[in-house]
Each structure stands twice: as structure tokens, then as C-alpha cells.
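We name chains A, B, ... by the order of the sequence lines, and we start the count at 1 in each one.
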Number of protein chains: 2
Amino acid sequence: MIQTEILCQSPIFRGITSDGLQELFSKIHYQVKSYQKNELITIGGEICDRLLIIQQGSVKAEMTDYSGKTIKIEDMMAPWPLATAFLFGKENRFPVTVSATSDVEMVSIPKPEFVKMLQLNALILNNYLNTISTRAQFLSQKLKFLSFKTIKQKIAHYLLEKAGDRLQTVEIQQSQGQLAEMFGVTRPSLARTLGEMCQEGLIETDRRYIKILDKVRMNQLLLG
Amino acid sequence: MIQTEILCQSPIFRGITSDGLQELFSKIHYQVKSYQKNELITIGGEICDRLLIIQQGSVKAEMTDYSGKTIKIEDMMAPWPLATAFLFGKENRFPVTVSATSDVEMVSIPKPEFVKMLQLNALILNNYLNTISTRAQFLSQKLKFLSFKTIKQKIAHYLLEKAGDRLQTVEIQQSQGQLAEMFGVTRPSLARTLGEMCQEGLIETDRRYIKILDKVRMNQLLLG
DNA sequence: TTAAAACTGTAACGAATGTTACAAACACAA
DNA sequence: TTGTGTTTGTAACATTCGTTACAGTTTTAA
């Protein structure tokens, strides 16, 4: 049985009332499937030709490496949608194996029916476009960040981004360790590099505050 | 004046006839704007609230760094759409500055009108969803690849991916130099690493053919 | 066939970063 | 205040990779 009070909390159905959703679902074909704890829901590599939304319970996503071992990627719970980025595009296969971590109910909407849904309701269309666009933008940002090779460049980019056009002093909300993890480097390496940048007169550090002394040279770091 | 014979070649309008497009455009509001060579079309950071499609001519996209210098990113020509990934989602700003490299005609469709278009025609909806999904998938793949730190891991991932479940011998279509560029490393480094992997008994190389000798150990490289 | 260009293998060296370890500074609660 | 746990600064050493250079091989084009 479909539970629209839960589903309308899903990012895809945001802004739609439970009743509105009820009416919308009456116009399309869909299935509600139950899975017991530990049961497989999708297998990595399987064709992804339907939108799956968790209606009840929680699941985990795992990747299988070439030797057969599995690594946990993510935990998800109701009312989250699965694999929204793989329903369309060239690679229509689930990238992960999903299994139930509790008793689970999934709403399964075949792709053509979901397309119909998108055409019926402009809000859902906007929500879905926003979901995958935001994901593409996030990945794009992450990729740009990784394109900076040295730690100095990563720090410079991070600080200039945070400082914007005017500010000179930047406050770091995280600890040095968390910042290092975000940068994908080790903490001692980050500390060493910050120390070097101080010596070079690029910045001044005071606990969690970093003052940019020379924006021009900071920029030059990002070009070479 | 809109030229549907050209626009129907655009990835967004693929599969639609020129006449069909003509009728579709008669139902929405849009503009056709002309730009002279070297004229600015969009400025980086500007709000992106309309879909722009090149109808005639060619443009270049440039990024501005924090010091004001510009770096060329991409060249595009008719009938390509601009910034499809930034029309929706959280970050609705053009990431790049676009200027005309020849006399140019752009078709400008306001976002609400484009949403209307998506609802009117399932083919355009599918095309657009495919465009941004494919982009997200491409970025995701690229990011996964960059997550491998050492050259050995990158080679292992590349070979295992190419070999699939069964094959043992992989043929490289590109030259070593091109492969190195794809990996984001220098050619001598790639050659050295391939040599090391041979010595370790992981692979055998013969010109452009690489034979995988030990899949199990190759996998272990990707875990640590 | 032959010359030029592109490709490949290899080596020595240096720069950037990871690894490990330890001590000082700080935050917070008993 | 004191003690405990967290955060930070720093150092020595190892590893990975880039840089540069050169010689041998293969491919291409004349």
C-alpha cells in the first residue's frame, strides 16, 4: 500500500501535498514491493529502468570489486530515492548492490511511467531536474578542486574561495584534521604546508583564523 | 529568425523534425539575439535563468581566475546548447564567460518556457534528462578514477575495467603518451610503473598488448 | 629504400607528500 | 586546580612521482 504522507517528504516530491500525490499516483502504474531484512533489492550492474523510492525501512548500498569483495558505500532510509542519476543517460545500470538493513517497502515506478509523471506535474519535474543538476554541479566542483595538484594550490583555492572579493581574514570552522581529510591529504602535510606559506609571507595563522597577506601571489600559485 | 532545420540537430532536439520544432516554438516565448564577433554573450557569475542555444556561428568559453586573467576552456559552435547543467540545481550561475568568435545568433529560452517545452514534448524531456544524466555519470566516473592515488592503482583499475570478467589480454588503442595524459601523469612515470608491474609478475607487456597475470593481487592494489 | 618523426624503455636527480612519532598548547569536565 | 582528551606544530625518514635526458625501436612519409 502506498503511503503518500511519507513519500511527499521525498526530495523528488517536495512541495506536493499528500493528497496531490495520491491523485498523481492514481494516474500511473507502479508497484509497492516488500523486502525482508538482508534481502537483495538491486544488484550492481543490473539494468536501471525504474525509479525506486524507499517508503519504509532502511537499506545499504555496497560496491563489489573485481575480486568479489563488497565495500559499504552508503546508508539510506525512507523516503529517499535510489540511483536518480542512473535512470537516464548512457549508463543505465545500478552502480551499487542495494540490500535491506531492516524490513523494507519500496515504491517502484517504471521509467516510462515516471516520465509521464514528470510531464503531468511541473513541480516534480523541477525537483527531479534540480536533484540531478545539483549532483552534477557538486561533482564538477569536486573535480575542479582535485585538479589542483599541490597542497599549496588547494589551500590557496580554498582560502580565495572563502574570502571572496573583499575579506582578508578567513575563519575555518573545522579542525585541521577535518580540513586535511576534505583536501585528501594527511594532517601533518597540511600543517607543514600552512607553516611554509606563513614563512613565505602569504598568510598569517592564528588558531582558526587565517589572514591572507598577498592575494596576488596566491593567485599565481593556481596558474602554474 | 529561428532556423529549425539547424536546431533540430541539437542534442536537446534530437529526433524531432524541423516542422515539429517549428510548431513547438510557436507555443512558447523565446528570443533570437545577434552578437557581433568578440561581443560578450554571458559573464561568469551571472544568473543562468534561460537556455541558450547557438543557432549560427561559434563561441568560446573562458574562466576568470581571482586575479582577473582569463583561460580558454572550450570552443562551441551551432547547434550546441550552453551550460545545460546550470539551468537547474542550487548553483544557477554561469561558470564561464562566453563570447562570440564569429558573428553569432543565439536562441534564448527563458527557464519557465523551457519547462513548458519539456512538459509538452516527451522526446525533448528525455533528451535533456539524458544530457545532464550522462554528464553526471561522466563526472562520477572521472572522480572515481581520480580517487586512486598511485599510478599502479590507476593502471590496475584501467586494466581490470577493460578486461571485464574473463579476458586476460587487453589491447591499448592509444599510445603510451596519450594513456599517460588520460591518467594525469607523465609518460616516463607511466612507463616506469608498467616496468615495475612486469617485474612483480602482475602483467606482461608486448607492444600494445598487456596480459594480466594475477587478477587477485591487482585487486588488492585497489583496496589498501 | 631511406630519412624523419613518433614512440618506447630507462636512468639520475629533485620536489612533494605520506608515515610515524613526539611534545606543546588548548579545551573541558571533575 | 588538575587531569584527560583533543588539537596543533614539528621533525626524520621513506615513497611516489615529475623532470630531464638519451638511446633504441617502430611507424610514417617521401
Side-chain angles (χ1 to χ4, degrees), chain A residues 142 145-159 162 169-213 217-224, chain B residues 142 144-159 162 169-213 217-218 220-224:
Chain A
K142 200 125 183 169
F145 192 76
L146 282 177
S147 77
F148 296 118
K149 296 257 167 72
T150 66
I151 298 182
K152 229 172 243 181
Q153 286 181 322
K154 290 179 182 177
I155 295 174
H157 177 256
Y158 175 80
L159 290 179
K162 268 220 153 183
T169 302
V170 173
E171 185 185 357
I172 316 281
Q173 275 98 359
Q174 308 136 306
S175 78
Q176 216 180 65
Q178 291 171 310
L179 201 63
E181 192 177 5
M182 209 181 83
F183 285 10
V185 302
T186 60
R187 193 200 53 81
S189 295
L190 179 62
R192 171 175 45 200
T193 308
L194 281 172
E196 282 169 14
M197 292 173 82
C198 282
Q199 283 191 340
E200 291 167 17
L202 284 167
I203 56 173
E204 261 176 26
T205 61
D206 177 22
R207 304 190 190 185
R208 294 205 166 177
Y209 293 88
I210 300 182
K211 187 174 177 184
I212 304 175
L213 297 177
R217 266 200 293 156
M218 290 272 272
N219 262 308
Q220 288 171 349
L221 283 178
L222 299 180
L223 302 179
Chain B
K142 199 125 184 169
K144 183 185 175 186
F145 192 76
L146 281 177
S147 76
F148 297 119
K149 296 258 168 74
T150 66
I151 298 182
K152 229 173 243 183
Q153 286 181 323
K154 290 179 182 178
I155 295 174
H157 177 256
Y158 175 80
L159 291 178
K162 268 219 154 184
T169 301
V170 173
E171 184 185 359
I172 316 282
Q173 275 98 359
Q174 309 137 305
S175 77
Q176 217 180 61
Q178 291 171 310
L179 201 63
E181 192 178 4
M182 210 182 81
F183 285 10
V185 302
T186 60
R187 192 199 56 79
S189 295
L190 180 63
R192 170 176 46 199
T193 308
L194 281 172
E196 282 169 14
M197 290 174 82
C198 282
Q199 283 192 339
E200 291 167 17
L202 283 167
I203 57 173
E204 261 177 26
T205 61
D206 177 21
R207 303 188 192 186
R208 293 205 166 177
Y209 293 88
I210 299 182
K211 187 174 177 184
I212 303 175
L213 296 177
R217 265 199 294 156
M218 290 272 272
Q220 289 171 348
L221 282 178
L222 299 180
L223 304 179

### Check ion pair B:E200-B:K152 (N to O, under 4.0 angstrom)
yes
Just compare [options] and give me whichever is closest to any side-chain atom of [X].
X: A:P188; options: D:dA11, C:dT17, D:dC17; answer: D:dA11
X: A:T186; options: D:dC17, C:dC7, C:dT19; answer: C:dT19
X: A:I151; options: D:dT7, C:dG18, D:dC17; answer: C:dG18

| task | List the steps, then state whether ring-ring contact (aromatic ring centres under 6.0 Å, His included) holds for A:Y158 with A:F183. | result | CA-CA 9 Å; A:Y158 175 80; A:F183 285 10; 5.5 Å; yes
Nearest heavy-atom contact between B:V170 and B:L159 is CG2-O, 4.0 Å
Minimum heavy-atom separation for A:A180 and A:L190, please, with both atom names.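 Looking at all heavy atoms of both residues, the shortest contact is N-CD2, 3.6 Å.
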Please answer whether the main-chain N or O of [Y] pairs with a side-chain N or O of [X] as donor and acceptor at a distance below 3.5 Å.
X: B:Q153; Y: B:L221; answer: yes
X: B:R187; Y: B:Q176; answer: no
X: A:T193; Y: A:S189; answer: yes

Should A:S189 be listed as having a side-chain N or O under 4.0 Å from OP1 or OP2 of C:dG18?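 For A:S189, the contact criterion (side-chain N or O under 4.0 Å from OP1 or OP2 of C:dG18) is met.
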query = When you check the phosphate oxygens OP1 and OP2 of D:dT6, does a side-chain N or O of A:Q176 lie under 4.0 Å from one of them?
reply =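 For D:dT6, neither OP1 nor OP2 has a side-chain N or O of A:Q176 closer than 4.0 Å.
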In whole Å, what is the span from the [atom1] atom of [X] to the [atom2] atom of [N]?
X: A:R192; N: D:dC13; atom1: CZ; atom2: P; answer: 14 Å
X: B:Q178; N: C:dA6; atom1: CD; atom2: C1'; answer: 11 Å
X: B:Q174; N: C:dT8; atom1: CD; atom2: C1'; answer: 16 Å
X: A:M197; N: C:dA16; atom1: CE; atom2: C1'; answer: 15 Å
X: A:D206; N: D:dT8; atom1: CG; atom2: P; answer: 12 Å
X: A:F183; N: C:dG18; atom1: CZ; atom2: C1'; answer: 17 Å
X: B:I155; N: D:dC17; atom1: CD1; atom2: P; answer: 9 Å
X: A:Q153; N: D:dG18; atom1: CD; atom2: C1'; answer: 14 Å

- request: Test B:Q173 against B:K162 for side-chain contact (heavy atoms from CB on, under 4.5 Å), laying out the working first.
  value: CA-CA 11 Å; B:Q173 275 98 359; B:K162 268 219 154 184; 2.7 Å; yes
Contacts of A:G195 and B:L190 projected onto DNA chain D by closest heavy atom; the upstream (5') one is A:G195
Exercise. Checking all strands, does B:S175 fall into the base, sugar-phosphate, or nothing category for heavy-atom contacts under 4.0 angstrom?
Worked result: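 B:S175: backbone/sugar contact only, no base atoms under 4.0 Å.
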* Base, sugar-phosphate, or nothing: which does B:K149 touch, judged by heavy atoms less than 4.0 Å apart? -> sugar-phosphate
* B:R208 or A:T150, whichever maps to the more 5' nucleotide of DNA chain C ->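 It is B:R208 whose nearest nucleotide is closer to the 5' end.
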As a check of understanding: the bend across the helix from C:dT1-D:dA30 to C:dA30-D:dT1, end axes from five pairs, rounded to 10 degrees, works out to 40°
Handout entry: Under 3.5 Å donor-acceptor pair, A:R187 side-chain atoms to D:dG9 base atoms
Key = yes
